[in-house]
Amino acid sequence: MTDPRSSTVSAARRRAAIDALRRGAVPENGLDLLATGLDRFESALEAELDAVVSGASVFKAVRGEYGSGKTFFTRWLGERAKQRGFAVAEIQISETETPLHRLETVYRRLTERLTTASFPPSALRPVIDAWFYALEEDALAQGATEDELADAVEKLLTARLSEVSRHAPSFATALRGYRAALAQGDEATASAVLAWLGGQPHVAAAARRSAGVRGDLDHFGALGFLQGLLTVLCDSGHRGLFLVLDEVETLQRVRSDARDKALNALRQLIDEVHSGRFPGLYLIITGTPAFYDGQQGVQRLAPLAQRLATDFTTDPRFDNPRAVQLRLPGFTQDSLVGLGITIRDLYAAGASAPDRVKALADDGYIADLAGAVGGALGGKVGVAPRIYLKKLVGDVLDRIDQFEDFDPRQHYRLTVSSGELTEVERNLAAAACADEIDLDIE
């Protein structure tokens, strides 16, 4: 039966989703079109988003093996948050680019990747400009004249950021410097001050002096700046910030001293979220079970392990979606086939030859292809989705749609070469293959 979502989606959303799958990537948008098996989480997650809109803050940890859909899950939830008016940022944790023990770097990546329903990354400047506009509107609504507007805005700025200024007074100072530079028509200085406000290092000393700030943002100042950014976001009409720290399991591969600092930084973040310091923040991390349960990860720091402790000894059907940790069970052969059928129907809805696509890539063929790709990866069905969907779209559906005489059962031989696999996929497939696997689907 055709998924009704396939026939109602816009051509642009359909094309964006299909193009990403063709590249072997997780789509940035339109994930609701592909979501399967996430229904059981929806009610609890919607309630948490509602709580954040009301001024609460939420921390969530997602666990799952490679290929279980952690990135898909967080982007799916982030898309729902954005539809509710949240700003969204996704950060990949890595030893070299974004080490978790340096929160000033995490904050910088957040501002670089900040996006809203109206603006792509980086949305920092539009958000701040919208905030100043909102302050002006509020001042005028309170009776300020044009001559009094600047002073009235200054008073509102001071009042709105009073709590932030207790921890990071330079955040408000930089905002004043940014506004002053704009008023003087000095775009270069305004941009430089905005870069400093976004945590960028090596901002010109003249710009910093002009704004009345010094040095670069440090680890502890980053928490104050995050608090300030949340205030600006909520004051400028956004319902909150949905922040993803993806692939936190990479901490297991760093030096022990850096790992300990990173784990402690994570504990500090969780405690600050739960203390109520960050109203309007939904913070979510992703990691593998080994990270949460192993001695090189969370278990290395007992206070952190206590905060993340969740009972997963019961049947996964009874996992509590309100718990601090969510378990993604990963794909089975059946769920992989179901996803393939969903993609096939989505593709067919925008194809030039939809009937041919559905006839030649019927449910039976979809199942055969899923089994073959799983076999190519050493029987590890759980890590097959990325390469499976890439093959399905790029090698099979595209050819059926473009070539009238192409029949995948006759003309297509699945080939999975080591060069197109990620390092994890390659390691998992190593036991089943050498450099290349040829499998007939007949």
Side-chain angles (χ1 to χ4, degrees), residues 9-10 12-17 19-21 23 25-35 45-46 48-49 52-53 57-60 62 70-94 97-98 103-134 171 175 178 191 194-200 222 225-248 269 273 278-286:
V9 64
S10 71
R13 292 183 74 216
R14 181 189 302 112
R15 182 170 56 250
D19 285 349
L21 296 175
R23 298 192 308 271
V26 175
E28 295 287 343
N29 300 294
L31 296 174
D32 56 308
L33 305 173
L34 315 178
L45 297 174
E46 293 284 355
E48 289 177 347
L49 289 174
V52 172
V53 169
S57 53
V58 169
F59 172 81
K60 208 78 170 179
V62 176
K70 297 188 295 295
T71 299
F72 180 95
F73 176 86
T74 55
R75 289 186 182 172
W76 168 77
L77 185 55
E79 194 170 78
R80 297 173 82 90
K82 190 181 291 185
Q83 290 168 356
R84 287 169 169 259
F86 281 66
V88 175
E90 177 187 314
I91 302 170
Q92 302 291 322
I93 297 301
S94 72
E97 296 296 320
T98 314
L103 290 181
E104 68 273 27
T105 305
V106 175
Y107 172 80
R108 182 167 81 244
R109 296 286 180 251
L110 158 58
T111 62
E112 290 171 351
R113 289 156 195 185
L114 187 68
T115 181
T116 69
S118 302
F119 296 100
S122 166
L124 180 62
R125 183 162 190 164
V127 164
I128 289 177
D129 288 346
W131 184 62
F132 276 118
Y133 178 79
F171 186 85
L175 283 171
Y178 171 70
S191 296
L194 189 68
W196 187 88
L197 194 65
Q200 298 294 334
F225 273 42
L226 173 58
Q227 190 178 0
L229 179 60
L230 283 165
T231 300
V232 168
L233 281 167
C234 294
D235 264 6
S236 58
H238 296 89
R239 311 300 295 278
L241 171 64
F242 182 86
L243 175 60
V244 181
L245 303 182
D246 202 11
E247 299 183 0
V248 179
L269 267 175
V273 169
F278 301 124
L281 176 64
Y282 194 118
L283 175 62
I284 187 166
I285 68 170
T286 73

Task: Closest non-hydrogen atom pair between Ala89 and Leu110, with its separation - done: CB-CD1, 3.3 Å
Open item on the list: Can you confirm whether Pro27 sits close enough to Leu21 that some side-chain heavy atom of one is under 4.5 Å from a side-chain heavy atom of the other?
Closed with: yes
TODO: Scan residues 118-128 for pairs that pass salt bridge (charged side-chain N to carboxylate O under 4.0 Å, His left out), counting only residues two or more places apart or in two chains.
DONE: Arg125-Asp129, Arg125-Glu187
Task: Check against side chain to side chain contact (heavy atoms under 4.5 Å, CB included), Leu77 and Leu49 - done: CA-CA 10 Å; Leu77 185 55; Leu49 289 174; 4.0 Å; yes
TODO: State which residue, out of Thr115, Leu241, Leu243, Val244, fulfils the side chain to side chain contact (heavy atoms under 4.5 Å, CB included) condition with Val88.
DONE: Thr115
Open item on the list: Distance check, rounded to the nearest 0.5 Å: Leu114 atom CG versus Ile91 atom CD1?
Closed with: 9.5 Å
Task: Any Phe86 side-chain heavy atom under 4.5 Å of Val53 side chain - done: yes
Task: Straight-line distance of His238 NE2 to Trp131 CH2, nearest 0.5 Å - done: 14.0 Å
Task: With sequence neighbours excluded, residues passing side chain to side chain contact (heavy atoms under 4.5 Å, CB included) with Arg75 - done: Val26, Glu28, Leu31, Thr71, Glu90
Task: Spacing of CG belonging to Leu124 relative to CD belonging to Gln200, to within rounding of 0.5 Å - done: 9.5 Å
- [ ] Kindly indicate, with the supporting measurements, whether the criterion side chain to side chain contact (heavy atoms under 4.5 Å, CB included) is fulfilled by Ile284 and Phe242.
- [x] CA-CA 8 Å; Ile284 187 166; Phe242 182 86; 3.9 Å; yes
Open item on the list: For the CD1 atom of Ile93 and the CG atom of Leu245, what is their distance to the nearest 0.5 Å?
Closed with: 5.0 Å
Task: Ser57 side chain vs Val273 backbone, donor-acceptor pair below 3.5 Å - done: yes
Open item on the list: Which residues pass the side-chain hydrogen bond (donor to acceptor under 3.5 Å, both in side chains) test with Thr98, not counting sequence neighbours?
Closed with: Arg109
Task: Min side-chain heavy-atom separation Pro126-Thr116 under 4.5 Å - done: no
Task: Close side-chain approach of Phe132 and Leu175, heavy atoms under 4.5 Å - done: yes
Open item on the list: Taking the side chain as everything from C-beta on, heavy atoms only, tell me whether Phe73 gets closer than 4.5 Å to Thr286.
Closed with: no
Task: Set of salt bridge (Lys or Arg N to Asp or Glu O under 4.0 Å) partners for Glu46, sequence neighbours left out - done: Arg80, Arg84
TODO: Start with the C-alpha distance between Ile128 and Leu197, add both sets of side-chain angles, then the distance that settles side chain to side chain contact (heavy atoms under 4.5 Å, CB included), and finish with yes or no.
DONE: CA-CA 10 Å; Ile128 289 177; Leu197 194 65; 3.4 Å; yes
TODO: Side-chain contact test, heavy atoms from C-beta onward, threshold under 4.5 Å: evaluate it for Leu229 versus Phe225 and give yes or no.
DONE: no
Open item on the list: Any non-hydrogen side-chain atom of Glu247 less than 4.5 Å from a side-chain atom of Lys70?
Closed with: no
Open item on the list: Which residues pass the salt bridge (Lys or Arg N to Asp or Glu O under 4.0 Å) test with Glu104, not counting sequence neighbours?
Closed with: Arg102
Task: Under the side-chain hydrogen bond (donor to acceptor under 3.5 Å, both in side chains) test, residues paired with Thr111 that sit two or more places apart - done: none
Task: Considering all heavy atoms, the nearest Tyr107-Leu226 contact - done: CE1-N, 3.9 Å
Open item on the list: If you define the side chain from C-beta out and look only at heavy atoms, does anything of Tyr282 sit under 4.5 Å from Lys60?
Closed with: yes
Task: From CA spacing to verdict: side chain to side chain contact (heavy atoms under 4.5 Å, CB included), Leu283, Phe278 - done: CA-CA 10 Å; Leu283 175 62; Phe278 301 124; over 6 Å; no
